[in-house]
Chemist: 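Quick one: this structure, given as structure tokens, is what I'll be asking you about.
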Amino acid sequence: MPQYFGQLHTNEQPWSTLGAVQTIQQDERHVLFKCGDPCLKISVLAPNLIRVRMTPSGEFLPRRSWAVAQADEEWAAVPFEVRETADAVEIKTQQLRVLVHRNPCRLECFDESGQPLAQDAETAMGWRSGAIAGWKRIETDEHFYGFGEPTGLLDQRSKVRTNWTTDALDYGILTDSMYQAIPFFIALRPGVGYGIFFNTTFWSQFDLGAKQPGIWQMETQGSELDYYIIYGPEPAKIIATYTQLTGRMPMPPRWSLGYQQCRWSYESQEVIRKLAHEFRQRRIPCDVIYLDIDYMNGYRIFTWSPKRFAHPKEFIQDLKQDGFKVVPISEPGVKYDPEADYQTFDEGIQNDYFIRKSNGQLFHGYVWPDKAVFPDFIRPEVRDWWGNWQKSLTDVGVAGFWNDMNEPALDDRPFGDPGNKISFPLDAEQGPAGEKTNHAETHNLYGLMMAQASYQGVEKSRPTERSFFLTRAGFAGIQRWSAVWTGDNQSLWEHLEMSIPMLCNLGLSGVAFVGADIGGFAGNATAELFARWMQLGMLYPLMRGHSALSTAQHEPWTFGDKVEKICREYIELRYQLLPYIYSLFWQAATTGAPILRPLLYHFPNDPKTFTLGDQVMLGSSLLAAPIYRPGIEHRVVYLPEGCWYDWWSGERFEGQTHILAHAPLERMPLYVRGGSIIPMASVTQYVDERPLDQLRLRMWMGTGEFTLYEDDGHSFEYKTGASCTTTYRISTEGERTIVDIGAREGQFSPAARETIMELVGVGEHRFVDDGTARQLTFST
């Protein structure tokens with residue numbers, strides 16, 4: 001055996017591992033360590049970011065077109081020092097120190113104070129037939145977050161998380177593979193935090209100490225070990241760097257932040273007209289109504305049912321006049337229809353856009369239209385073709401697309417027959433000319449690339465108006481193209497509870513625009529469950545109610561007057577909070593910050609927050625403690641350090657402390673941090689019902705600030721400067737509270753409006769806001 005090989009024996013085939021470093025090469029950005037044929041390359045991309053690559057063959061793979069948004073050479077060069085000793089090579093930036101031991105070759109990382117992070121285990125990196133892996137130490141009190149949308153608890157320590165997009169029907173707390181495959185996580189302990197992005201699209205897996213206590217492992221079926229280490233130490237800094245690497249979300253249309261109503265299925269124009277009438281008559285705000293698969297003609301994508309939706313353009317225009325946007329479902333399975341005049345299928349066949357088996361035979365599976373074929377979205381010309389076909393729907397007036405079944409989800413026989421879920425053959429050829437690969441490498445990309453096709457196609461056909469996109473499946477970077485929901489959940493209290501850590505972990509995975517189906521998709525919600533879910537759902541970045549075909553109706557008024565009143569109150573609160581929420585979306589678009597946040601995001605040095613998955617923060621100011629069990633009217637709430645106020649009563653609490661909150665059915669415990677400034681609007685029935693003619697800024701005593709972001713809410717002009725910000729600061733001097741309002745900055749000028757500065761429990765000042773700086777004083 002050559003001298004650079006060692007072996008790690010497991011219950012399976014043994015791993016070959018790196019031996020001694022034999023030569024070292026350095027340039028402006030990289031340090032290359034040769035261990036015989038195998039090589040280790042460390043690239044310094046930023047003071048807190050390094051890329052680690054190991055290849056057993058000595059040849060590194062070329063960059064892929066679908067790779068991270070920011071390539072190595074696109075990072076500004078940063079200075080680093082390299083110092084060699086007999087035993088190790090030290091690479092030092094302003095924030096990180098990386099020690100590469102010579103024999104055997106392995107890494108140790110330290111922050112400025114010498115605290116260890118992302119330390120290789122004694123066995124550091126290895127490979128065997130069809131797999132390559134790395135092992136690192138789990139530090140004492142270290143916790144793990146992110147991984148896309150893991151089920152179960154917030155902290156994933158001692159879990160195994162597999163990255164393989166899967167139609168996770170009937171998922172539960174023990175489900176592993178989910179719809180989203182995002183091989184990224186954050187490791188956190190008091191004072192130290194780092195992120196790992198495992199840069200592989202092949203099947204991969206993290207073992208967070210399940211098999212070997214004290215060791216976490218990353219493994220992929222690719223041929224190269226490629227990962228990024230992002231130093232924090234706080235989650236906000238880690239996510240900012242990670243989203244610089246993988247991309248950030250664009251600003252969505254403001255109407256997409258309103259309440260959205262969906263069901264499988266509102267089966268006809270007449271049913272939807274009645275639904276829209278109910279919302280307006282009952283004065284329950286709503287902005288979006290979805291169309292599920294029954295709007296299509298025989299489930300053929302890009303068609304309309306001639307019976308159920310005979311006049312779609314007129315129908316959508318009528319809804320638009322009443323303040324509703326229409327979003328149809330879009331699925332990748334194209335009906336195999338050679339005998340009919342179905343142009344989408346015919347064009348796809350003519351241009352060879354559909355996936356074929358390795359023997360050249362057209363691949364097919366079964367979805368809603370029965371036998372179906374599937375576009376190869378990895379190819380840019382296929383994405384363009386799909387995006388152009390969407391014009392047939394946007395020309396009618398749809399406001400966005402709901403991309404579903406794109407893991408992909410399909411069966412080996414017609415739906416309704418006992419069958420098996422299948423995927424494309426792993427050896428099926430995919431990708432553009434010059435970059436041909438197979439489905440083993442691109443499976444995890446299928447939903448991501450469909451979302452990209454959808455976004456870019458509408459951007460081309462409707463270049464002046466923002467649209468809304470929602471996807472079930474995705475990969476790292478999905479936030480650039482689409483919002484995400486957590487798929488087919490169930491009308492169970494456990495799923496209400498589980499939505500909190502799932503959505504928080506999505507946010508910690510760089511995906512900020514997220515939601516779960518309010519009320520649960522499968523099964524029948526009770527009135528109590530629906531009320532409690534609507535209270536929590538008011539905080540979801542994506543606020544959508546959704547239910548399945550076989551269930552009872554789940555509209556807010558179907559559970560009786562009491563629950564209808566509760567739903568109305570919380571949806572109205574959502575609309576009042578939209579100036580605050582829209583500013584949080586701006587934070588997400590510019591820094592990658594999640595909108596819905598676990599408490600550890602703002603209190604990363606408080607160990608009590610590390611496993612706290614049943615409370616959540618909306619931005620930095622609002623803390624909610626939802627009720628997630630039936631019959632409960634009191635619950636324990638943890639308030640971290642600082643001063644906190646009860647949103648409803650104004651009662652003041654001093655953290656760090658636990659309190660017992662009273663929570664009758666009509667109240668979700670909700671608290672606001674001292675020094676918070678929350679901009680609020682009047683209630684409207686839909687987002688664009690009327691201009692914002694009055695802005696109320698509610699403030700709570702303490703020290704703090706908030707920056708209000710504004711633009712026109714619907715165009716892309718914000719990208720060229722047509723936006724503005726106003727920063728508000730609050731402080732206390734003796735018995736006076738001082739509020740400083742900064743001058744409005746930016747090229748966008750909001751309509752004239754009255755501004756009300758309300759210091760809760762003290763008083764208010766009113767003035768016409770002309771954008772100039774001013775200072776207000778409250779006697780307290």
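As the structure is a computational prediction, the values presented were derived from the model and not from experiment.
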Chemist: Side chains of T727 and T707: donor-acceptor distance under 3.5 Å anywhere?
Modeler: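 Checked: T727/T707 side chains pair up, N/O donor to acceptor below 3.5 Å.
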
Chemist: Any donor-acceptor pair under 3.5 Å linking the side-chain atoms of T726 with those of E710?
Modeler: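 No.
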
Chemist: If only atom types and distance count, is the side chain of S676 paired as donor or acceptor with the main-chain N or O of W700 below 3.5 Å?
Modeler: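 No.
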
Chemist: Is there a donor in the side chain of D606 and an acceptor in the side chain of T609, or the other way round, less than 3.5 Å apart?
Modeler: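 The criterion, which ignores hydrogens and geometry beyond distance, is not satisfied for T609 and D606.
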
Chemist: Let me confirm one number: the CE-CZ distance from M249 to F469, rounded to the nearest 0.5 Å.
Modeler: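 Answer for the CE-CZ pair, M249 versus F469, is 12.0 Å.
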
Chemist: Can you tell me how far CD of E555 sits from SG of C286, rounded to the nearest 0.5 angstrom?
Modeler: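 One gets 10.0 Å once the value is rounded to the nearest 0.5 Å.
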
Chemist: To the closest 0.5 Å, what do you measure between CD1 (I581) and CD1 (I595)?
Modeler: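 If we round to the nearest 0.5 Å, I581:CD1 and I595:CD1 are 8.5 Å apart.
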
Chemist: Just by modelled atom types, is the M668 backbone N or O under 3.5 Å from a matching donor or acceptor in the W648 side chain?
Modeler: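 Yes, W648 side chain to M668 backbone: donor-acceptor pair under 3.5 Å.
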
Chemist: Show your reasoning for whether side chain to side chain contact (heavy atoms under 4.5 Å, CB included) applies to D646 and Y671.
Modeler: CA-CA 5 Å; D646 187 299; Y671 303 87; 3.9 Å; yes

Chemist: Taking distance alone, no hydrogens or angles, what donor-acceptor pairs closer than 3.5 Å link side-chain atoms of residues 231-241 to residues at least two apart or in another chain?
Modeler:
from	atom 1	to	atom 2	distance (Å)
T241	OG1	N48	ND2	3.0
T241	OG1	K237	O	3.2

Chemist: Nearest heavy-atom pair of L599 and V616: which atoms, and what distance?
Modeler: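 Where L599 meets V616 most closely, the heavy atoms are CD1-N, 3.9 Å.
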
Chemist: Ignoring hydrogens, what is the shortest heavy-atom contact between M757 and V739? Give both atom names and the distance.
Modeler: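 So the minimum-distance heavy-atom pair works out to CE-CG1, 3.7 Å.
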
Chemist: Determine, step by step, whether I566 and M534 satisfy the side chain to side chain contact (heavy atoms under 4.5 Å, CB included) criterion, reporting the C-alpha distance in whole Å, the side-chain angles of both residues, the deciding distance to 0.1 Å, and the verdict.
Modeler: CA-CA 8 Å; I566 292 170; M534 187 65 76; 5.9 Å; no

Chemist: Within a radius of less than 6.0 Å around NZ of K608, do more than 12 heavy atoms belonging to other residues, nucleotides or ligands occur?
Modeler: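 12 or below, so no.
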
Chemist: Treating R597 as the side-chain partner and P594 as the backbone partner, does any N or O pair qualify as donor plus acceptor under 3.5 Å?
Modeler: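 Between the backbone of P594 and the side chain of R597 there is a qualifying donor-acceptor contact (under 3.5 Å).
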
Chemist: Once side chain to side chain donor-acceptor pair (under 3.5 Å) is applied, do any residues pair with E689, and if so which ones, sequence neighbours excluded?
Modeler: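 E689 satisfies side chain to side chain donor-acceptor pair (under 3.5 Å) with no other residue.
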
Chemist: Check this for me: E654, atom CD, are more than 12 non-hydrogen atoms of other residues, nucleotides or ligands nearer than 6.0 Å?
Modeler: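 Counting other residues, nucleotides and ligands, CD of E654 exceeds 12 neighbours.
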
Chemist: For a quick test of reading the model, state the closest non-hydrogen atom pair linking Q694 to S682 and the distance between them.
Modeler: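 Shortest heavy-atom separation between Q694 and S682 comes out as OE1-OG, 4.1 Å.
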
Chemist: For a 4.5 angstrom cut-off between non-hydrogen side-chain atoms, does V484 reach L506?
Modeler: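 Touching, per the 4.5 Å side-chain cut-off.
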
Chemist: For E717, look at atom CD and say whether over 12 heavy atoms of other residues, nucleotides or ligands are found less than 6.0 Å away.
Modeler: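 Count not over threshold, so no.
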
Chemist: Mind telling me whether F144 and F185 have parallel, tilted or perpendicular rings, with 30° and 60° as the class edges?
Modeler: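 Plane angle over 60°, so perpendicular.
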
Chemist: Looking at E641, I want to see if its CD is surrounded by more than 12 non-hydrogen atoms of other residues, nucleotides or ligands under 6.0 Å.
Modeler: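 Count not over threshold, so no.
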
Chemist: For atom CD of Q775, is the number of surrounding heavy atoms from other residues, nucleotides or ligands below 6.0 Å larger than 12?
Modeler: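 It does: Q775 CD has more than 12 such atoms within range.
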
Chemist: Please check if the side chain of Q535 supplies one atom and the backbone of L665 the other of a donor-acceptor pair under 3.5 Å.
Modeler: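 Yes: the side chain of Q535 pairs with the backbone of L665.
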
Chemist: About how many Å separate CG of L508 and CD1 of I182, when rounded to the nearest 0.5 Å?
Modeler: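 Nearest 0.5 Å value for the CD1-CG distance: 11.0 Å.
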
Chemist: Let's go through F513 and F585 carefully: what are the C-alpha distance in whole Å and the side-chain angles of both, what is the deciding distance for ring-ring contact (aromatic ring centres under 6.0 Å, His included) to 0.1 Å, and is it a yes or a no?
Modeler: CA-CA 8 Å; F513 199 174; F585 272 81; 4.8 Å; yes

Chemist: According to the interplanar angle, ranging from 0 to 90°, do the rings of F603 and W644 count as parallel (below 30°), tilted (30 to 60°) or perpendicular (above 60°)?
Modeler: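 Tilted.
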
Chemist: Evaluate the side chain to side chain contact (heavy atoms under 4.5 Å, CB included) criterion for residues L154 and L600: first the C-alpha distance (whole Å), next the side-chain angles of each, then the deciding distance (0.1 Å), finally the verdict.
Modeler: CA-CA 10 Å; L154 179 65; L600 63 89; 3.9 Å; yes

Chemist: Please determine if R532 forms a cation-pi arrangement with W493, meaning its NZ or CZ atom is less than 6.0 Å from the six-membered ring centre and no more than 45° off the ring axis.
Modeler: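 Because its charged atom misses either the 6.0 Å distance or the 45° angle limit, R532 does not stack over W493.
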
Chemist: Measure from the ring center of F706 to the ring center of Y728 and say whether it is less than 6.0 Å.
Modeler: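 No: the rings miss the under 6.0 Å criterion.
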
Chemist: Evaluate the side-chain proximity of M543 to I571: yes if any heavy-atom separation is below 4.5 Å, no if none is.
Modeler: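 Sidechains of M543 and I571: in contact.
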
Chemist: So do Q261 and F279 actually touch side chain to side chain, heavy atoms under 4.5 Å?
Modeler: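 Counting from C-beta outward, F279 and Q261 do come under 4.5 Å.
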
Chemist: Can you see which heavy atom on A527 is nearest to which on V563, and at what distance?
Modeler: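 For A527 versus V563, the nearest heavy atoms are O-CG2, 3.6 Å.
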
Chemist: If we only count heavy atoms from C-beta on, is the E754 to D693 side-chain gap below 4.5 Å?
Modeler: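 A side-chain contact is absent here, since even the closest heavy-atom pair is not under 4.5 Å.
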
Chemist: Do E764 and R696 pass the salt bridge (Lys or Arg N to Asp or Glu O under 4.0 Å) test, and can you show the C-alpha distance, the side-chain angles, and the key distance before you say yes or no?
Modeler: CA-CA 10 Å; E764 62 183 40; R696 177 179 292 271; 3.2 Å; yes

Chemist: Checking R280 against F324: charged group under 6.0 Å from the ring centre and within 45 degrees of the axis?
Modeler: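 Checked: cation-pi criterion met.
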
Chemist: Is the gap between the ring centers of F748 and Y718 under 6.0 Å?
Modeler: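 Centroid separation for F748 and Y718: 6.0 Å or greater.
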
Chemist: So which heavy atom on Y570 is nearest to which on R667, and how close?
Modeler: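 Here Y570 and R667 meet closest at OH-CA, 3.4 Å.
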
Chemist: To the nearest 0.5 angstrom, please state how far the OG atom of S731 sits from the CZ atom of R736.
Modeler: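 Separation between the atoms: 9.0 Å.
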
Chemist: Keeping S621 on the side-chain end and R673 on the backbone end, is there a donor-acceptor pair under 3.5 Å?
Modeler: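 No, because the side chain of S621 does not come within donor-acceptor range (under 3.5 Å) of the backbone of R673.
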
Chemist: Measure across Y242 and S509 and return the closest heavy-atom pair with its distance rounded to 0.1 Å.
Modeler: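 Between these two residues, the closest heavy atoms are CE2-O, 3.2 Å.
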
Chemist: Any side-chain to backbone donor/acceptor pair from E139 onto L117? Under 3.5 Å, distance only.
Modeler: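 Checked: no pair found.
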
Chemist: Please answer whether the main-chain N or O of V687 pairs with a side-chain N or O of D287 as donor and acceptor at a distance below 3.5 Å.
Modeler: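 Pair found, side chain donor or acceptor close to backbone of V687.
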
Chemist: Determine yes or no for a side-chain-to-main-chain donor-acceptor pair under 3.5 angstrom, with N505 supplying the side chain and Y145 the backbone.
Modeler: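 No; judged by distance alone, with no hydrogens or angles, the pair does not exist.
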
Chemist: Hey, are the side chains of F184 and T246 touching, using non-hydrogen atoms and a 4.5 Å cut-off?
Modeler: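 No, their side chains stay 4.5 Å or more apart.
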
Chemist: Do H495 and W533 come within less than 4.5 Å of each other through their side chains, counting heavy atoms only?
Modeler: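 Yes. Closest side-chain heavy atoms under 4.5 Å.
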
Chemist: A cation-pi test, strictly: NZ or CZ of R574 under 6.0 Å from the centre of the six-membered ring of Y259 and no more than 45 degrees from its axis. Yes or no?
Modeler: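 So R574 doesn't make the cation-pi contact.
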
Chemist: Should the pair E497-R635 be classified as a salt bridge under the 4.0 Å nitrogen-to-oxygen rule?
Modeler: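 A salt bridge is absent here (no side-chain N lies under 4.0 Å from a carboxylate O).
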
Chemist: Side chain to side chain contact (heavy atoms under 4.5 Å, CB included) for F778 and I730? Distances and angles first, verdict last.
Modeler: CA-CA 10 Å; F778 294 83; I730 185 171; over 6 Å; no

Chemist: S499 versus L536: any side-chain heavy-atom pair under 4.5 Å?
Modeler: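 Of all side-chain heavy-atom pairs linking L536 with S499, at least one is under 4.5 Å.
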
Chemist: Is the backbone of D517 close enough, under 3.5 Å, to the side chain of R544 for a donor and an acceptor to pair up by distance?
Modeler: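 Such a contact is absent between R544 side chain and D517 backbone.
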
Chemist: Find the distance between CD1 (I518) and CZ (F530) and round it off to the nearest 0.5 Å.
Modeler: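 Reported to 0.5 Å precision, the distance equals 7.0 Å.
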
Chemist: With a 3.5 Å distance limit and no angle check, can you tell me whether H546 reaches the backbone of G487 through a side-chain donor-acceptor pair?
Modeler: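 Answer holds: no.
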
Chemist: State, yes or no, whether a side-chain contact exists between L153 and T611 at a heavy-atom distance under 4.5 Å.
Modeler: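 No, too far: nothing below the 4.5 Å cut-off.
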
Chemist: Can you confirm whether I173 is buried at CD1, in the sense that more than 12 heavy atoms of other residues, nucleotides or ligands lie under 6.0 Å from that atom?
Modeler: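 Open: at most 12 neighbouring heavy atoms sit under 6.0 Å from CD1 of I173.
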
Chemist: Report the relative orientation of the aromatic rings in Y582 and Y709; use parallel for angles under 30°, tilted for 30 to 60°, perpendicular for over 60°.
Modeler: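 Geometry flag for Y709 against Y582: tilted rings.
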
